[in-house]
2 protein chains.
Amino acid sequence: MANYKLAAMLQVKDIPNAEVMQKFADRYPQTDVKNVMTFLNLLRVGTDLSNALNGYLAEYDLLQGRWWVLLLLMREDNLSSTPSALAEKAGVSRATMTGLLDGLLRDKLISRIHAKQDRRQIEIRLTKQGQAKLDDVMPGYYQRVNQLMQSLNESETMNLMSLLQRIYQQRHVFENQTVEMQNQPRS
Amino acid sequence: MANYKLAAMLQVKDIPNAEVMQKFADRYPQTDVKNVMTFLNLLRVGTDLSNALNGYLAEYDLLQGRWWVLLLLMREDNLSSTPSALAEKAGVSRATMTGLLDGLLRDKLISRIHAKQDRRQIEIRLTKQGQAKLDDVMPGYYQRVNQLMQSLNESETMNLMSLLQRIYQQRHVFENQTVEMQNQPRS
DNA sequence: AGCTTATAGTTAGCCACCTAACTATGTCAA
DNA sequence: TTGACATAGTTAGGTGGCTAACTATAAGCT
């Protein structure tokens with residue numbers, strides 16, 4: 001089995017206990033213990049599930065990035081697309097996509113063909129082996145997702161989605177806010 | 001401002017729509033559209049929040065790994081620990097911790113001192129500059145976490161935690177299950 | 001036609017993660 | 001006491017992210 005890389009996202013193995021949180025709250029009065037714990041737990045669940053998925057994919061010599069590229073290709077009617085379009089849809093840079101495609105080509109899961117009309121473009125196509133790889137991986141993937149989610153009934157699932165969505169919509173709070181600040185009158 | 005690395009976790013920018021999901025469901029009958037969508041959304045929220053946090057930390061020349069090490073040190077009564085203990089608590093390999101500490105040492109946010117009794121060990125201590133860096137970063141961090149979470153009231157937050165927990169407890173489903181399978185009778 | 005600008009893809013160099021293998025030191029039991 | 005095993009830390013080599021800079025091609029003005 002191939003090595004696989006764990007996600008780079010913080011692995012919050014050691015979310016602080018109440019005592020430690022109090023020490024921080026004393027120094028930083030803005031601290032809201034409940035909010036911080038919830039935020040850290042959300043990050044942890046995301047990371048650990050991502051790592052677990054990677055572990056499953058690694059049994060098939062795939063990782064999330066390469067696997068997702070294959071899925072994007074399978075979605076297309078002619079099983080093909082371009083590096084730029086794939087980078088955009090996968091949410092990675094074009095440079096990263098070049099690397100992912102290099103690996104997939106090495107394993108013969110995709111083919112690269114120079115496009116006819118626009119000679120800057122390259123057509124990436126899912127090969128038979130690529131489709132076969134997905135046919136290997138996907139049934140177990142869907143089965144595991146079902147097992148994972150079976151502890152929630154339908155209304156609980158909807159509820160979870162809605163709660164996540166409301167937090168997600170606030171994610172811009174981490175962005176730089178100095179521009180607006182500068183326009184405010186000084187004392 | 002420093003470059004900062006986005007999390008390696010899949011950025012599911014392009015979660016499939018119902019039509020595409022149907023195409024997959026035709027080929028892979030195990031597919032449960034609602035479950036897959038929920039799972040992918042959970043991964044996406046985790047990744048994007050992680051990236052947003054990294055963006056904030058990058059304004060202070062930190063990233064999650066280095067920042068978390070500083071926090072772990074600040075928790076300690078004597079502001080010091082060892083590379084092994086830090087690796088364990090941060091959930092990264094000892095090799096990765098060596099690299100993180102190299103960077104923190106370069107920025108003089110920690111100091112390395114050879115331990116007296118066990119000469120294999122090295123004592124890592126948070127420096128004055130390290131503490132000052134945290135004092136810079138943390139108020140804004142806590143403020144942003146509060147803003148992020150303010151869209152949920154207390155009972156909704158508790159509810160979210162409990163739903164996440166129930167999914168999280170099933171994460172072992174992604175682990176290799178062939179050992180048990182092999183012991184089953186064949187047809 | 002010829003400039004300028006935009007787009008497609010790659011390359012180079014950095015970071016943070018991993019495993020495996022290595023060195024040095026400590027521990028423990030025959 | 002010495003040989004086997006365990007532990008602390010580093011190094012080497014691989015992966016997959018990033019930005020910036022580069023080449024080649026296309027498109028659009030004037």
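Values in this document were obtained by computation on a predicted structure and should not be read as measured data. Throughout, a chain's letter reflects where its sequence line sits, starting with A, and its residues are numbered from 1.
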Output yes when [X] and [Y] qualify as a salt bridge under the 4.0 Å nitrogen-oxygen rule, no when they do not.
X	Y	result
A/D102	A/R112	yes
B/R125	B/E76	no
B/R144	A/E175	no
B/K133	B/D107	no
B/R166	A/E156	yes
B/D61	B/R66	no

B/S/- along nucleotides 21-29 of chain C (protein heavy atoms under 4.0 Å) is ---BBS---
Residue [X], side-chain heavy atoms: nucleotide from [options] that is nearest:
X	options	result
A/R106	C/dC17, C/dA16, D/dT15	D/dT15
A/L100	C/dC18, D/dG17, C/dC15	D/dG17
A/T96	C/dT19, D/dC18, C/dT11	D/dC18
B/S84	D/dT10, D/dC18, D/dA8	D/dA8

In this structure, how many angstroms lie between the [atom2] atom of [N] and the [atom1] atom of [X], rounded?
X	N	atom1	atom2	answer
B/Q64	D/dG17	CD	C1'	14 Å
B/I110	D/dG9	CD1	P	12 Å
B/M97	C/dT19	CE	P	14 Å
A/N51	C/dA16	CG	C1'	13 Å

Between B/D102 and B/Q121, whichever has its closest DNA chain D nucleotide further toward 5' is B/Q121
Sub-6.0 Å ring centroid separation between A/Y60 and A/W67: no
Flag yes if more than 12 heavy atoms outside A/K34 fall under 6.0 Å of its NZ atom; otherwise flag no. yes
Taking atom NZ of B/K23 as the centre, does the number of heavy atoms from other residues, nucleotides or ligands within less than 6.0 Å exceed 12? yes
With axes from five pairs an end, tell me the bend angle of the helix from C/dA1-D/dT30 to C/dA30-D/dT1, nearest 10°. 10°
Linking I/L/V/M/F/W/Y whenever their side-chain heavy atoms sit closer than 4.5 Å, directly or via other members, would A/V145 and A/M161 fall into one cluster? no
When the nearest nucleotide of DNA chain C is assigned to B/G99 and to A/A85 on a heavy-atom basis, which residue is associated with the more 5' position? A/A85
Could you go through nucleotides 1-3 of chain C and list every protein N or O atom that sits under 3.5 Å from one of its N or O atoms, giving the distance for each pair?
none

